[in-house]
Amino acid sequence: MEPLYSPAGVEQRWQRIWEEEGRYAAEPDPSRESFVIALPPPNVTGELHMGHALNASIQDLLIRWHRMRGLNTLWQPGYDHAGIATQNVIERELAKEGLSRHDLGREKFLERTWEWLRKYGGVIMSQLRRLGASVDYRRERMTMDPDYVRAVLRWFVHLWEHGYLYRANRIVNWCPRCASAVSDLEVNHLETDDTLYTIRYPLADGSGDITISTVRPPTMLADVAVAVHPGDERYRDLVGKEAILPIVERRLPIIADERVDPEFGTGAVKITPGHDPMDWEIGRDHELPELTVIGLDARMNDEAGEFAGLTQEDANDRIVARLEDEGLLVSREPFRHAVGHCDRSGDRIEPLVSLQWWCEMKGLAAPAIDVVKDGRVRFKPERYTKVYLDWMENIRPWCISRQLWWGHQIPAWYCENGHTTVAESTPAACGECGSTHLAQDEDVLDTWFSSALWPFATLGWPDDTPELRTWYPNDVSSTDRGIIFLWEARMIMAGLELMHDIPFHTVNIHSTINAPDGRRMSKSLGTGIDPLETVEQFGADATRYGLLKMSSTQDVRFSTGPIEEGRKLANKLWNVSRLMLSNAGDARPDQRPRDVEERWILARLDAARAEIERHLKDFEFAPAVNRLYRVTFDDFCDWYAEAIKPRLYDGDEDARATALAALERLLELLHPVLPHVTEEIWSNLPERKTRLIVTPWPEADEAYASDLDALTRVQEAAEIFRRSGVRVELEGDDARIFEAVVRPGKTVGDGNAAAEIERLQQEIARAEGMLANERFVQNAPVEVVESEREKLARYRRELDAISG
RNA sequence: GGGCGCAUAGCUCAGCGGGAGAGCGCCCGCUUCACACGCGGGAGGUCCCUGGUUCGAUCCCAGGUGCGCCCACCA
């Protein structure tokens with residue numbers, strides 16, 4: 001064993017061994033208590049980024065911990081076909097050859113996609129292996145696997161049969177770049193600098209005009225009305241009259257609607273149902289026609305008359321110039337407002353009317369709200385509960401159709417009589433009229449429509465499989481807060497609807513790791529940091545440790561500091577193991593306490609384990625990992641190893657045997673966070689019966705626990721210190737003296753006495769001051785006053801001890 | 001327009017009602033037979049601001065300032 005622990009070789013060797021020996025493999029067994037996490041399926045085309053690595057570290061910690069606790073533990077891996085993202089990748093590939101997907105046609109395009117995926121897809125699993133992630137790699141699933149496809153179609157048919165689905169012409173978020181509709185959740189509202197144009201619309205009876213404001217003059221070509229607030233005195237007489245739409249010369253009714261804000265602009269607004277969501281609703285309620293002047297390519301369409309074919313920018317220039325000429329442009333001023341942009345492409349969203357499939361969500365949401373409210377599904381941290389509930393309680397219909405080729409083609413067939421037949425497999429004839437001229441819907445389903453089934457479709461649903469019976473519901477779903485609605489909420493709804501049970505008990509939302517400068521980590525910004533680089537540089541164990549330290553807060557700036565701390569911990573562990581192993585002689589691990597040091601360290605390890613378990617149960621990973629560091633450095637190395645070193649050298653068999661036992665317990669504790677270095681050391685221990693990865697997590701031992709009794713601890717500790725040549729004065733039953741006076745490495749009166757004396761004098765002054773304060777003595781809780789008295793007494797003793 | 005989070009040492013962050021902490025960085029001293037990815041010692045903080053509650057506030061409350069995030073169909 002070398003003094004400098006070098007992780008690379010060790011880690012990869014164990015990763016290979018564990019997998020080859022089937023240590024990650026889980027088999028269904030409904031009779032055993034189980035623990036299950038479904039890995040949030042990364043995009044097939046994706047690569048491991050810091051967020052994945054963080055989440056994998058968390059999940060693997062939980063998985064390894066429960067595996068050691070003896071539960072039938074499954075970490076289910078797999079990929080999401082990632083409709084738009086994947087299709088974009090393939091289309092970019094084609095573009096390099098000067099081709100578009102339409103040049104290939106649907107079938108060839110899909111072949112091409114599969115081919116690409118076979119060649120370049122799915123790299124993340126091997127990257128996860130390098131992190132030491134103990135997922136059951138044999139069970140890898142993808143949302144486009146034949147069995148999974150069957151589940152998705154069943155889900156669609158189920159929703160259809162239960163009346164949740166409908167196909168309708170409505171205003172949608174259209175992304176011109178993706179050439180597809182996207183759901184509300186895939187739209188980001190970004191502050192955008194625009195120009196607000198104020199335009200005069202003459203009244204039809206020539207009695208004057210009404211003035212409106214808009215940021216998008218080109219859409220006025222599709223205006224069908226002008227609206228004002230019903231209570232707006234200024235316009236009372238105009239309601240019911242008509243205005244003349246400039247340029248087009250169309251007559252527009254002036255209507256009253258409460259949704260118009262009288263405070264904004266002139267209080268009058270043009271109504272364009274074809275190109276604005278609110279206008280669409282107003283138009284629907286007032287039975288106004290929908291006109292469309294902007295096409296799916298975001299350019300002006302044929303309905304735009306003389307502006308047909310122009311980009312909106314050009315059309316804007318010409319329309320504004322025209323209004324100016326005609327004296328109808330009242331003003332133009334800078335205007336900053338939120339504008340929808342496609343989450344995928346970044347393009348400005350074009351609200352327009354098109355025929356899409358929708359899922360009505362209210363009925364699905366109701367039970368999903370209940371299970372969170374009654375605590376059957378809980379969020380960690382808890383504050384996300386409110387975030388979830390707020391969204392769920394205001395849920396709106398979900399646009400689930402996408403104008404793509406890569407994905408689950410919608411299982412709906414249309415006949416020439418306009419009937420719709422929905423079925424899991426191609427129907428022979430129309431369900432209504434028996435027509436055999438059927439054409440399947442061209443569109444595919446939103447990627448998230450299929451990922452909603454992840455916790456059970458990966459286990460074999462809709463078939464009744466042993467896997468499903470053993471591992472559903474899952475236990476934990478750990479994700480980024482960005483997909484609480486996109487994914488978590490929909491899994492809960494789908495699970496309740498199809499499985500009649502929650503999909504998991506806990507949703508863990510981890511922190512977001514930002515770049516060191518605080519910006520978002522992103523490949524395109526060049527701010528991304530590759531976790532595999534830190535694995536390379538510091539080791540997988542160190543990276544896992546560091547990420548876990550960064551896991552708690554809502555946002556954290558990435559720095560290598562915590563990872564280097566992890567490397568330090570691994571190295572320290574490695575070296576203290578060398579000390580014990582190279583001085584073991586013929587000793588065998590024996591944890592029967594032989595002497596105070598051993599009883600003390602075993603008790604300390606037990607105490608640490610209790611705290612760590614508590615943190616893990618609370619999903620508090622950073623404190624857990626911090627505790628591991630402290631118990632290793634402070635208790636095990638600085639204190640215990642130093643104390644027993646002379647006895648190890650002397651060949652004291654008891655010291656050696658219990659040192660090995662204590663080391664074993666420390667390794668067990670550390671293994672879920674630092675699996676590789678601990679397994680490597682474990683394999684060097686004498687009388688090793690099995691791998692550490694499957695060694696039972698130690699049960700609490702009453703004997704050690706009772707050793708934590710404060711009095712016992714302080715007296716024994718004092719004894720050890722005396723042996724090490726440290727002067728210790730014990731008086732009465734004061735347990736705290738151990739913590740306060742004789743911390744390892746900080747012995748009293750060793751040359752730093754002056755500073756210590758000063759500190760103690762300050763403390764004494766403070767405590768005396770407090771106790772002299774009558775109001776304090778009278779009003780403060782008794783135990784607080786008592787503790788101050790004790791402290792004062794202790795400080796005085798310590799001061800005497802030092803100066804005396 | 002709503003909601004949430006964060007502001008503590010040069011940096012990244014713990015702590016969250018009675019002693020201001022860690023890792024890194026910095027300074028000084030140590031090749032003491034596990035470890036220089038080490039050991040020992042040290043410097044370095046109006047715990048964002050203003051009020052309030054309290055015997056006592058970095059910690060609780062109110063308001064403010066500054067960052068960040070989420071939700072949202074006012075042109």
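All values derive from a computational prediction rather than experimental measurement. Letters A, B, ... mirror the listed sequences (proteins, then strands); counts begin at 1.
Backbone-only engagement by A/Tyr629 is indicated by non-hydrogen atom pairs under 4.0 Å involving sugar-phosphate atoms exclusively.
Residue A/Arg630 places its side chain closer to B/rA22 than to any other of B/rC69, B/rA22, B/rC39. Among the nucleotides B/rC71, B/rC33, B/rA72, the one closest to the side chain of A/Phe485 is B/rC71. When each of B/rG23, B/rC35, B/rA34 is scored by its nearest atom to the side-chain atoms of A/Lys568, the top-ranked nucleotide is B/rG23.
Two rings, from A/Tyr388 and A/Tyr384, have their centers 6.0 Å or more apart.
The P atoms of B/rG56 and B/rC39 are separated by 43 Å, rounded to the nearest whole Å. Comparing B/rC70 with B/rC37, their C1' atoms are spaced 40 Å from each other, to the whole Å.
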*If a protein heavy atom is under 4.0 Å from the base, mark B; if only from the sugar-phosphate, S; if neither, -; do that for nucleotides 2-7 of chain B going 5' to 3'.*
-SBS--
Can you check nucleotides 25-32 of chain B for protein contacts, nitrogen or oxygen pairs under 3.5 Å, and list what you find?
none

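Residues satisfying the ring-ring contact (aromatic ring centres under 6.0 Å, His included) test with A/His275, not counting sequence neighbours, are none. With sequence neighbours excluded, the residues that form a ring-ring contact (aromatic ring centres under 6.0 Å, His included) with A/Trp391 are A/Phe485.
With hydrogens and angles left out, the side-chain atoms of A/Gln537 and A/Arg567 include no donor and acceptor closer than 3.5 Å.
Between A/Tyr545 and the phosphate of B/rG23, there is no side-chain N or O to OP1/OP2 separation shorter than 4.0 Å.
Among residues at least two apart or in separate chains, salt bridge (Lys or Arg N to Asp or Glu O under 4.0 Å) pairs with a member in residues 534-554 of chain A are A/Asp60-A/Arg544, A/Lys549-A/Glu565.
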*Dot-bracket for RNA chain B, 5' to 3', with Watson-Crick and G-U pairs under 3.5 Å, [ ] for crossing pairs and | for other-strand pairs: what is it?*
((((((((.[[[[.)..(..]]]].(((((.......))))).....[[[[[..)....]]]]])))))))....
